[in-house]
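Numbering of ligands and ligand atoms starts at 1, following listing order. Predicted model only: the values in this text are computed from it and were never measured.
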Amino acid sequence: MAYDTPKVPNDLSAFWMPFTANRQFKKNPRMFVSADGMYYKTSDGRDVLDGTAGLWCCNAGHNRPLITEAIAKQASELDYAPAFQMGHPKAFELASALRDMAPEPFEHVFFTNSGSESVETALKIALAYHRVRGEGTRTRLIGRERGYHGVNFGGISVGGIVNNRKFFGSLLTGVDHLPHTHLPDENAYTRGQPEHGAYLADDLERIVALHGGENIAAVIVEPMAGSTGVLMPPKGYLEKLRAICTKHGILLIFDEVITGFGRLGSNFATDHFGVMPDLITTAKGLTNGVIPMGAVLATSEIHDAFMSGPEEAIELFHGYTYSGNPIASAAGLATLQTYREDGLFENAASLADYWEDALHSLKGLPHVIDIRNMGLIGAIELSGIEGAPTKRAFDAFLQCYDKGLLIRTTGDIIALSPPLMINKAQIDELFGILGGVLKGLK
Ligand SMILES: Cc1ncc(COP(=O)(O)O)c(C=O)c1O
């Protein structure tokens, strides 16, 4: 019997939707029923331009033939293979492909199923790495205010978004936070990296002085913070963090779940900024968002530290039932091939200036208090309505959706991150709709 579902379900109550105003949504649902290239199709038959690559993940656009064919073929050939003590070719091929596109020291890949799991994995690898080297006192972790590292306990502990933390108890112990890097008074309307704020990295020295560097395992930051509202690293900031971590033997983890796979016009933000961390977390664009998958990239120095002891002994007690799942691996390989063959990272790099000019042309519209950008990412910060924070940006989101554009909002910040296949006409369409909405926003 063919599997079929109605295009619009008549009962919305059972699905408890993630990060969604459930009651508001269910009164007036917004449903996508198909997608192709740069556009979604709604249940009422309208095209909606994807201004956010889904959730920062569909970097190659939608319904890409190589990816959908690879998934179908793999499902009919080898649907699943056990991830522990067994292998299948595609996971090894994908790991090698990732190694080949990553900066040189990153020779090894640990597969997960999401960005959140990549973060947990990287934090655990960092802790275990110090322990296997006989530096087991290094147990403390350092994150950053406003950081987003997914929603699992490690990630929300090192993360710095208050609503993602405050409902969930005492979290991990032994965590400190660096200050965030958003300095609106000094850096408003900056194009690319802001001039001011490198000194904020010096706070790491304060934390080291407080706890002793020998007790600190790792610092985790997004090289460019996405989900919190697009916060750029000030010039020199990442370099300083790197230097202080190296000085004290602390590992530096870059959470590249958003910045990986071409978002800044390069393979990884690590390449873009020329600052080398010790571990890189990825997900999202790895499979174009089509099948859940994440990966942690590790240097040989970290990986090799585990490769001692008897050969038949498991070296790292960590992994997931779906680590390197065959269908996800096939999707990953086809996604990387699509990026390469279509020159999508190059397209992102070549359109970055056009994107920047179009974005900054919204300066001066009502309620706009800051605009910032990098690669194919943009943010427009609005002043909040007194007593009703987030409402103004959410109204913009609803109006854009009605007019055929998907944007994303966090607080009163509008975040934009279109698929990397976008062209100039679509950039004009995007900012035409958004500009019109902002002009009329209450
Ligand atoms: C930097 C960063 N890390 C981790 C995550 C979590 O990823 P996921 O939602 O796949 O668990 C996200 C998601 O937006 C992210 O932006």
Original post:
Quick one: is the NZ or CZ of Lys363 closer than 6.0 Å to the six-membered ring centre of Tyr189, and within 45° of its axis?
Top reply: yes
Subject >> Atoms of ligand 1, numbered as shown, that sit under 4.0 Å from any heavy atom of Ser227 >> reply: 14 (O), 16 (O)
Which donor-acceptor pairs under 3.5 Å do the side chains of residues 341-355 make with protein atoms, sequence neighbours left out?
| residue | atom | partner | partner atom | Å |
| --- | --- | --- | --- | --- |
| Glu341 | OE2 | Gln337 | NE2 | 2.8 |
| Asp342 | OD2 | Arg64 | NH1 | 3.3 |
| Asp342 | OD2 | Arg64 | NH2 | 2.6 |
| Asn347 | ND2 | Leu420 | O | 2.7 |
| Asn347 | ND2 | Ile422 | O | 3.0 |
| Ser350 | OG | Glu346 | O | 3.4 |
| Ser350 | OG | Asn347 | O | 3.1 |
| Tyr354 | OH | Asp428 | OD1 | 2.8 |
| Tyr354 | OH | Asp428 | OD2 | 3.1 |
| Trp355 | NE1 | Ile377 | O | 3.1 |

Original post:
Quick check: are there more than 12 heavy atoms from other residues, nucleotides or ligands sitting under 6.0 Å from NZ of Lys73?
Top reply: no
**OP:** Run down the list Val119, Thr259, Ile258 and name the one with the heavy atom closest to atom 16 (O) of ligand 1.
**Re:** Ile258
Original post:
Under a 4.0 Å N-O cut-off, is there an ion pair linking Arg206 with Asp203?
Top reply: yes
Subject >> Criterion side chain to side chain donor-acceptor pair (under 3.5 Å) on Glu222 and His149, from CA distance to verdict >> reply: CA-CA 8 Å; Glu222 302 153 271; His149 301 294; 4.6 Å; no
Subject >> Asp255 neighbourhood, listing ligand 1 atoms whose heavy-atom distance to it stays under 4.0 Å >> reply: 1 (C), 2 (C), 3 (N), 4 (C)
Subject >> Cationic N near anionic O, under 4.0 Å, Glu256 to Arg263 >> reply: no
Original post:
Going by the order shown, which atoms of ligand 1 are within less than 4.0 Å of some heavy atom of Ser114?
Top reply: 10 (O), 11 (O)
Subject >> Shortest protein heavy-atom distance from atom 11 (O) of ligand 1, along with the residue and atom involved >> reply: Ser116 OG, 2.6 Å
Original post:
If hydrogens are left out, which of Phe254, Trp56, Tyr148 has an atom nearest to atom 15 (C) of ligand 1, that is, the closest non-hydrogen atom?
Top reply: Tyr148
Subject >> Stepwise side chain to side chain donor-acceptor pair (under 3.5 Å) check, Asp50 with Thr52 >> reply: CA-CA 6 Å; Asp50 186 357; Thr52 59; 3.3 Å; yes
Original post:
Looking only at non-hydrogen atoms, which of Ala225, Gly150, Ala283, Pro223 approaches atom 4 (C) of ligand 1 most closely?
Top reply: Gly150
Original post:
His149 heavy atoms, cut-off 4.0 Å: which ligand 1 atoms fall inside?
Top reply: 3 (N), 4 (C)
Original post:
How far is atom 7 (O) of ligand 1 from its nearest protein heavy atom, and which residue and atom is that?
Top reply: Gly115 CA, 3.2 Å
**OP:** Assess Glu256 for proximity to ligand 1: is some non-hydrogen atom of it under 4.0 Å away?
**Re:** no
Subject >> Partner of Phe268 under ring-ring contact (aromatic ring centres under 6.0 Å, His included), chosen from Phe254, Phe273, Phe261 >> reply: Phe261
**OP:** Show which atoms of ligand 1 fall inside a sub-4.0 Å distance from at least one heavy-atom site of Glu222.
**Re:** 1 (C)
